[in-house]
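Worksheet: the structure to be examined is printed underneath.
The chains referred to below are lettered A, B, ... by the order of the sequence lines, with proteins before strands, and numbering in each begins at 1. Because the structure is predicted, anything quoted here is derived from the model rather than measured.
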Amino acid sequence: EVMPTLDMTLFDWTDYEDMKPVDA
Amino acid sequence: PDPCYDENGNPRRCIPDFVNSAFGKEVRTSSTCGKTPGRYCLVTEKGDERNRNCHTCDASNPKKYHPPAYLTDLNNPHNLTCWQSENYIQYPQNVTITLSLGKKFEVTYVSLQFCSPRPESMAIFKSMDYGKSWVPFQYYSAQCRKMYTKPSKATITKQNEQEAICTDSHTDMHPLSGGLIAFSTLDGRPSAHDFDNSPVLQDWVTATDIKVTFSRLHTFGDENEDDSEQARDSYFYAVSDLQVGGRCKCNGHASRCVKDRDGNLVCECKHNTSGPECDRCKPFHYDRPWQRATAREANECVACNCNLHARRCRFNMELYKLSGRKSGGVCLNCRHNTAGRHCHYCKEGYYRDLSKTISHRKACKACDCHPVGAAGKTCNQTTGQCPCKDGVTGITCNRCAKGYQQSRSPIAPCIKIP
């Protein structure tokens with residue numbers, strides 16, 4: 001059973017703007 | 001076959017041929033007869049009887065001139081050609097002849113064959129910096145102490161092997177013509193038998209220019225008598241052949257010298273050496289220090305080992321010593337994401353692609369760690385495994401592990417399933 005890759009659109013960057021990758 | 005390599009292709013010491021490095025070269029003289037046509041007289045002796053035959057020296061007449069070129073032209077004993085100075089240039093005045101060899105030579109002897117009587121005093125000098133400075137090579141005088149403040153025939157010791165000595169040999173006035181002065185640079189030098197291991201003597205015999213100063217004429221003592229004019233016209237310096245025997249200096253790393261694009265004489269360097277005297281290593285061959293070749297060891301320069309990832313390197317003595325004097329090269333500006341003194345591992349953020357050799361251009365691959373799932377950007381050098389956050393898995397940390405699900409927090413991207 002292969003787990004799906006992480007979906008970048010699901011993450012909430014509200015408090016982590018400085019961590020947000022450019023392409024996210 | 002190249003003399004600098006043996007039949008198996010291994011490097012070995014090689015030296016250029018022994019030549020008369022003066023032959024055909026231009027000689028500068030401080031005085032040459034005939035600028036204005038003038039008389040000179042040749043003295044011959046028969047028993048006690050002395051005869052003078054007078055001639056004209058005329059620089060504009062090929063049959064009567066005595067140019068400096070005669071010093072180094074083909075020496076035909078049956079048809080001697082002699083350079084000749086002006087008349088009666090007597091001490092304290094002197095006459096100097098200077099020869100540029102065009103590059104560094106290891107001089108074995110300097111010889112002069114005279115058409116006139118040999119000088120009462122003369123000195124041979126050498127330069128190692130193309131005439132900027134001069135070092136005495138040898139003095140000849142019947143009065144060493146008076147003329148050159150030197151004792152006659154001083155003994156040479158290990159402590160003064162680079163000193164010129166003065167000798168009164170070859171200073172008698174006879175023969176009136178055809179006398180020879182030959183100076184051997186290594187004669188009487190204690191370390192001569194072990195020249196290979198004597199940097200002092202290697203330095204001593206090295207010259208770029210030779211200068212001979214004729215300091216005092218021999219005379220019959222009639223130069224101050226009433227009819228001294230004819231007598232004085234008999235006293236001048238005249239040389240038929242100046243020879244400088246030696247080898248082009250190439251430190252054992254070339255078998256010949258050639259003219260470069262600018263017409264300068266340079267060694268045809270082998271053993272990965274370069275420079276006019278093969279006195280340094282050629283670029284990128286700095287894995288060990290440059291050394292002169294010896295009979296036992298060619299001491300060729302060795303290329304740095306950079307696995308084809310760098311074009312430049314430098315030598316590091318500490319590393320060389322630590323390696324047991326094997327290797328001291330340090331590569332500069334490793335490319336293709338490599339690092340280390342030999343560009344032999346991958347730099348941070350990259351890992352080895354073991355399916356390729358280390359010298360392959362793509363031997364290092366980017367880690368490509370996931371921006372959220374990985375705890376850092378540096379992966380394992382050999383496996384490429386990135387450091388994953390809790391609950392995350394995959395070589396690049398791009399999935400949640402079994403029993404976990406993705407959350408909304410970039411800090412804890414995977415949380416346990418309740």
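For Asp2(B), the CG atom counts as densely surrounded, since its 6.0 Å shell holds more than 12 non-hydrogen atoms of other residues, nucleotides or ligands. Atom CD of Glu348(B) has 12 or fewer neighbouring heavy atoms from other residues, nucleotides or ligands inside a 6.0 Å radius. Around NZ of Lys356(B), the count of heavy atoms belonging to other residues, nucleotides or ligands within 6.0 Å exceeds 12. No more than 12 heavy atoms of other residues, nucleotides or ligands sit less than 6.0 Å from atom NZ of Lys365(B). Within 6.0 Å of CZ on Arg335(B) lie more than 12 heavy atoms contributed by other residues, nucleotides or ligands.
For Asp7(A), the parts sitting under 4.5 Å from any heavy atom of chain B are the backbone and the side chain alike. With a 4.5 angstrom heavy-atom cutoff, Cys414(B) touches chain A only via side-chain atoms.
In plain terms, the two heavy atoms of Arg399(B) and Pro4(A) that are nearest each other are CG-O, 3.7 Å.
Panel note: side chain Gln406(B), backbone Leu10(A); no donor-acceptor pair is recorded below 3.5 Å.
When each of Pro410(B), Cys400(B), Pro371(B) is checked for heavy-atom pairs under 4.5 Å with chain A, Pro410(B) comes out on top.
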